[in-house]
Amino acid sequence: MTYWLMKSEPDEFSIDDLRLKKEARWDGVRNYQARNFIRQMAIGDRIWFYHSSCKKVGIAGIMKVVGTHYPDPLALDETSPYYDEKSLENNKWSAIDVAFERKFESTYLLSDIKRLAETDQRLTDFALTKKGSRLSVMPVSEAQWECVMAEIESR
DNA sequence: GCCAACGTTGGC
DNA sequence: GCCAACGTTGGC
């Protein structure tokens, strides 16, 4: 099992939306690096649900992978903002199904993560806090996961 | 709303 | 293959 982080703007889709639906398709990823990470995901992998571009930027909870990746139907949907006319011949984008696991009592903020990274070397290579990183899907090492989870549990 | 940083496109 | 122009991401 591996760990991941995926970003979503809560105005579009939030941890509360996922909790209500219980399961959802994670689609609309239009970056090759992020797509390739989706293709590496396996059933049972756990994912931090990250809220971006909002008031409380940070990790809002946990979800898990409940299927293997498949072609993103939005890429072929002309009415979708994620429509990609260049994918018509062979859909090059991928989606994956995820399920709600838990929501934290409060979002573990990006500022908290950055502060933790100053003192905990396990976060030195964390893609999220690397300058200029805009990846919406990224791997998390087991050490990084445990380091941040320990902080969250001890609040 | 601003803007730094990044990814993609396309002319050459 | 280079790189300028453009579009997007996402924190602030």
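Letters A, B, ... are given to chains in the order of the sequence lines, protein chains preceding strands, and every chain is numbered from 1.
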Checklist entry - Is A/Leu5 reachable from A/Phe13 through a run of hydrophobic residues whose side-chain heavy atoms are each under 4.5 Å from the next? => result yes
Checklist entry - Is the count of non-hydrogen atoms from other residues, nucleotides or ligands lying under 6.0 Å from A/Gln121 atom CD greater than 12? => result no
Item to check | Working for side-chain hydrogen bond (donor to acceptor under 3.5 Å, both in side chains), residues A/Arg39 and A/Ser94 | outcome: CA-CA 7 Å; A/Arg39 291 182 174 179; A/Ser94 296; 2.8 Å; yes
Next on the checklist: Using a 6.0 Å cut-off, check whether atom NZ of A/Lys56 has over 12 heavy atoms from anything other than its own residue.
Outcome noted: no
Item to check | Salt-bridge contact A/Arg46-A/Glu146 (side-chain N to carboxylate O under 4.0 Å) | outcome: no
Under 3.5 Å, N/O pairs linking protein and nucleotides 6-12 of chain C:
from   : atom 1 : to       : atom 2 : distance (Å)
C/dT8  : O2     : A/Arg134 : NH1    : 2.4
C/dT9  : O3'    : A/Arg134 : O      : 3.4
C/dG10 : OP1    : A/Lys7   : NZ     : 3.2
C/dG10 : OP1    : A/Arg134 : O      : 2.6
C/dG11 : OP1    : A/Tyr50  : OH     : 2.7
C/dG11 : OP2    : A/Ser53  : N      : 2.9
C/dC12 : OP1    : A/Lys114 : NZ     : 2.9

